[in-house]
Amino acid sequence: MDTAALRACYARLEAMGVDVFTCPMQNHKALCSPDGALALNPAAIESGAEEQAILLHEEGHFATGAFYTVQSPYTIRQKQENIANRYIYKRYFPPQRLQAAMAAGLREPWQLAEYFDLPEAMIREMLDYYQAQGLLELCPEEEL
């Protein structure tokens with residue numbers, strides 16, 4: 001686990017005026033509120049990579065103002081989640097950064113996940129997004 005990257009996530013949130021605190025929750029790993037509160041459920045977070053992904057994602061919500069209520073319809077929730085995710089992809093993992101890692105021999109999503117200290121699912125979502133936008137070229141023999 002890259003503890004420096006994790007500390008940087010917390011520092012950025014603090015600089016944004018976000019109050020990060022732990023809170024046991026039954027159905028959530030994290031919840032944030034537009035008023036600058038971010039509750040994390042450490043018992044539900046399985047790894048440092050997952051913690052970093054959660055912090056990055058929540059930073060995306062605060063940076064873009066993409067919030068919703070838990071009772072919001074799925075389409076509204078998903079739109080706000082996509083806005084938060086895309087902010088993080090573009091800010092911290094632009095296509096050029098992914099291409100550089102792939103050019104260095106990290107071809108599989110699990111390798112990229114280890115390199116960036118993120119969950120493989122997040123890497124796959126990033127790759128899918130950039131491919132759909134035509135911003136990332138993968139070799140035809142690669143299976144993602």
Side-chain angles (χ1 to χ4, degrees), residues 1-138 142 144:
M1 178 179 79
D2 185 351
T3 57
L6 200 52
R7 282 194 307 270
C9 288
Y10 280 103
R12 282 192 308 271
L13 286 164
E14 183 179 344
M16 294 172 82
V18 176
D19 180 25
V20 181
F21 58 95
T22 61
C23 178
M25 294 177 269
Q26 208 163 30
N27 299 316
H28 302 283
K29 294 180 182 195
L31 285 174
C32 66
S33 138
D35 65 359
L38 171 55
L40 295 176
N41 181 5
I45 299 172
E46 298 176 16
S47 67
E50 183 179 31
E51 183 177 2
Q52 178 172 250
I54 288 168
L55 293 172
L56 287 167
H57 175 78
E58 300 305 337
E59 177 185 333
H61 282 293
F62 288 108
T64 62
F67 294 99
Y68 59 90
T69 64
V70 177
Q71 298 83 15
S72 294
Y74 174 79
T75 53
I76 291 172
R77 289 193 325 254
Q78 193 57 50
K79 180 179 180 184
Q80 302 302 71
E81 294 294 347
N82 290 343
I83 291 168
N85 285 336
R86 290 172 185 163
Y87 169 85
I88 293 305
Y89 300 164
K90 292 172 185 175
R91 179 166 176 125
Y92 298 110
F93 307 98
Q96 302 85 350
R97 189 170 180 207
L98 292 169
Q99 294 252 226
M102 289 186 280
L106 305 172
R107 300 301 216 157
E108 299 295 328
W110 67 266
Q111 293 171 315
L112 293 165
E114 284 183 6
Y115 178 75
F116 290 115
D117 200 22
L118 294 170
E120 186 177 336
M122 186 177 193
I123 293 293
R124 287 181 180 278
E125 289 169 10
M126 245 186 275
L127 295 171
D128 288 346
Y129 170 72
Y130 284 136
Q131 282 183 284
Q133 299 300 309
L135 299 172
L136 186 66
E137 295 288 326
L138 299 176
E142 291 180 33
L144 297 177

Nearest atoms (heavy-atom pairs only) where [X] meets [Y]:
X     : Y      : value
Leu6  : Gly48  : CD1-O, 4.2 Å
Gln80 : Gly65  : NE2-O, 4.4 Å
Asn41 : Pro24  : OD1-CA, 3.9 Å
His61 : Cys32  : CB-SG, 3.9 Å
Ala53 : Pro119 : CB-CD, 3.5 Å
Ile88 : Gly60  : CD1-N, 3.9 Å

So how far is it from [X] [atom1] to [Y] [atom2], rounded to the nearest 0.5 Å?
X      : Y      : atom1 : atom2 : result
Glu125 : Tyr89  : CD    : OH    : 4.5 Å
Leu118 : Glu50  : CG    : CD    : 11.5 Å
Ile123 : Glu108 : CD1   : CD    : 12.5 Å
Arg86  : Thr64  : CZ    : OG1   : 11.5 Å
Gln99  : Met102 : CD    : CE    : 4.5 Å
Thr69  : Ile76  : OG1   : CD1   : 8.0 Å

Pairing residues for [X] by the side chain to side chain contact (heavy atoms under 4.5 Å, CB included) criterion, not counting sequence neighbours:
X      : result
Phe21  : Asp19, Cys23, Ala37, Ala39
Leu135 : Pro95, Tyr130, Gln133
Glu14  : none

*Got a donor-acceptor contact below 3.5 angstrom from the Glu81 side chain to the Arg77 backbone?*
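Such a contact is absent between Glu81 side chain and Arg77 backbone.
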
*Backbone N or O of Asp117 within a donor-acceptor pair of the Gln52 side chain at under 3.5 Å?*
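At least one qualifying donor-acceptor pair exists.
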
*Could you please spell out the steps behind the side chain to side chain contact (heavy atoms under 4.5 Å, CB included) verdict for Met122 and His57?*
CA-CA 10 Å; Met122 186 177 193; His57 175 78; 5.5 Å; no

*Output, in order, the C-alpha distance, side-chain angles, deciding distance and verdict of side chain to side chain contact (heavy atoms under 4.5 Å, CB included) for Gln78 and Asn82.*
CA-CA 6 Å; Gln78 193 57 50; Asn82 290 343; 3.0 Å; yes

*Under a 4.5 Å cut-off applied to non-hydrogen side-chain atoms, are Phe93 and Leu56 in contact?*
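SC-SC contact between Phe93 and Leu56 confirmed.
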
*With side chain to side chain contact (heavy atoms under 4.5 Å, CB included) as the test, would you mind laying out the steps for Ser33 and Phe67 before giving the verdict?*
CA-CA 7 Å; Ser33 138; Phe67 294 99; 6.0 Å; no

*Are Phe62 and Leu38 close enough, and set up right, to give a side chain to side chain contact (heavy atoms under 4.5 Å, CB included), and what steps lead you there?*
CA-CA 10 Å; Phe62 288 108; Leu38 171 55; 4.2 Å; yes

_Surrounding OH of Tyr10 (heavy atoms of other residues, nucleotides or ligands, distance under 6.0 Å), is the total greater than 12?_
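For Tyr10, atom OH is crowded (more than 12 foreign heavy atoms under 6.0 Å).
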
*Hey, can you tell me if Tyr87 and Tyr92 have their rings parallel, tilted or perpendicular (30° and 60° cut-offs)?*
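Ring orientation, 0 to 90° scale: perpendicular.
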
